[in-house]
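Atoms within each ligand, like the ligands themselves, are counted from 1 in listed order. Computed from a predicted structure; not experimentally measured. We're numbering straight along the sequence, starting at 1.
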Amino acid sequence: MHLAGIIKQSLIDYPGELAAVLFTRGCNFLCPYCHNSHLLYKRQGGTDLPLENVLAFLKERRGFLDGVVFTGGEPTKNPELEQAMVEIKQLGYKIKLDTNGSHPELLVRLLDKGLLDYVAMDVKAALDYKKYYAACGGNLSSRDFLNVRNSIYLLLLAPIMVEFRTTIVPSLHSKENIRQIAQAIEGARLYTLQQFYPDNAMDINLRGTYTYSREDFEEMAELCAPYVKEVRIIE
Ligand code: SF4
């Protein structure tokens, strides 16, 4: 397995833990607001980071770092993810996975094997195919949509910490849509409403467009509050 990059220590990517962050390459979606578009395709020049080097680093940092975060791109697209997690677990680390939820069978396997301690799943739109299709940049099969729905149901029942989150883009999400998402994840422990950064958007048509204000976010948080245990705003 080769990784696109690493942050050697972070206090913000794994709530409550000091963690290394590993970036995988490749994604099955093309969200227009994606700010990691450089991770979606094969590397142009240079070399990726071999997993062996990362494991050696993690071995050295045992007792200093608490956890490891897999993010991307979409980590579950990588066929070697499971084995990488097995080796990282053997070193004693907690593991957090950031995912778009399109591979529920793999999530089941990782959960059954005790390889996950925390999952943060993006819920990109209200659970309506047309809305989800737009939020994924038109790169969404009906199978993918079913998979996303299955991942939500699976994670709502999972015995680990689960966070659902939405990057909120005014041209894709009305405030009512955000309430509908909260309703679709009813009972969740944490729903994060995340600000969108237009200047880094993959779709150049979104660059320079307006974003919701702090007051708008607070209004959306209030709309979501009846459905989930906690709503968090990240700006
Ligand atoms: S924002 Fe969308 S396109 Fe970008 S990595 Fe996440 S799922 Fe893939």
List every atom of ligand 1 that sits less than 4.0 Å from any heavy atom of Gly73, numbering the atoms from 1 in the order shown and giving each element.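 Atoms satisfying the 4.0 Å criterion: 5 (S).
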
For Asn100, the ligand 1 atoms with a heavy-atom partner under 4.0 Å come out as 7 (S)

Would you verify whether the NZ or CZ of Lys96 falls within 45 degrees of the ring axis of Phe70 while also being under 6.0 Å from that six-membered ring's centre? no

May I ask you to check if any N/O/S atom from Cys27 comes under 2.8 Å of atom 8 (Fe) of ligand 1? yes

Regarding Asp66 and Lys94, does a basic nitrogen lie under 4.0 Å from an acidic carboxylate oxygen?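 No salt bridge links Asp66 with Lys94.
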
Does a side-chain N-to-carboxylate-O contact under 4.0 Å join Lys175 and Glu219? yes

At under 4.0 Å between heavy atoms, which part of Met202 makes contact with ligand 1: side chain, backbone, both or neither? neither

Report whether any nitrogen, oxygen or sulfur of Cys34 sits less than 2.8 Å from atom 2 (Fe) of ligand 1 (N, O or S, backbone or side chain). no

Under 6.0 Å from the NE2 atom of His35, do we count more than 12 heavy atoms belonging to anything else shown?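 Atom NE2 in His35 is not packed in, count stays at 12 or less.
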
Does even one non-hydrogen atom of His35 get within less than 4.0 Å of ligand 1?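 Checking ligand 1 against His35, which is what was asked, there is no heavy-atom contact under 4.0 Å.
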
Whether the Glu74 and Thr99 side chains hold a donor-acceptor pair (N or O, under 3.5 Å, no angle test) is what I'd like checked.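 Judged by distance alone, the side chains do pair up.
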
Tell me if the centroids of the rings in Phe145 and Tyr129 come within less than 6.0 Å of each other.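 They qualify: ring centres under 6.0 Å apart.
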
Tell me the protein heavy atom at minimum distance from atom 2 (Fe) of ligand 1, and give that distance in Å.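 Nearest protein contact, heavy atoms only, for atom 2 (Fe) of ligand 1 is Cys31 SG, 2.3 Å.
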
Nearest protein heavy atom with distance in Å, relative to atom 6 (Fe) of ligand 1: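 In this structure, atom 6 (Fe) of ligand 1 has Lys124 NZ, 4.0 Å as its nearest protein heavy atom.
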
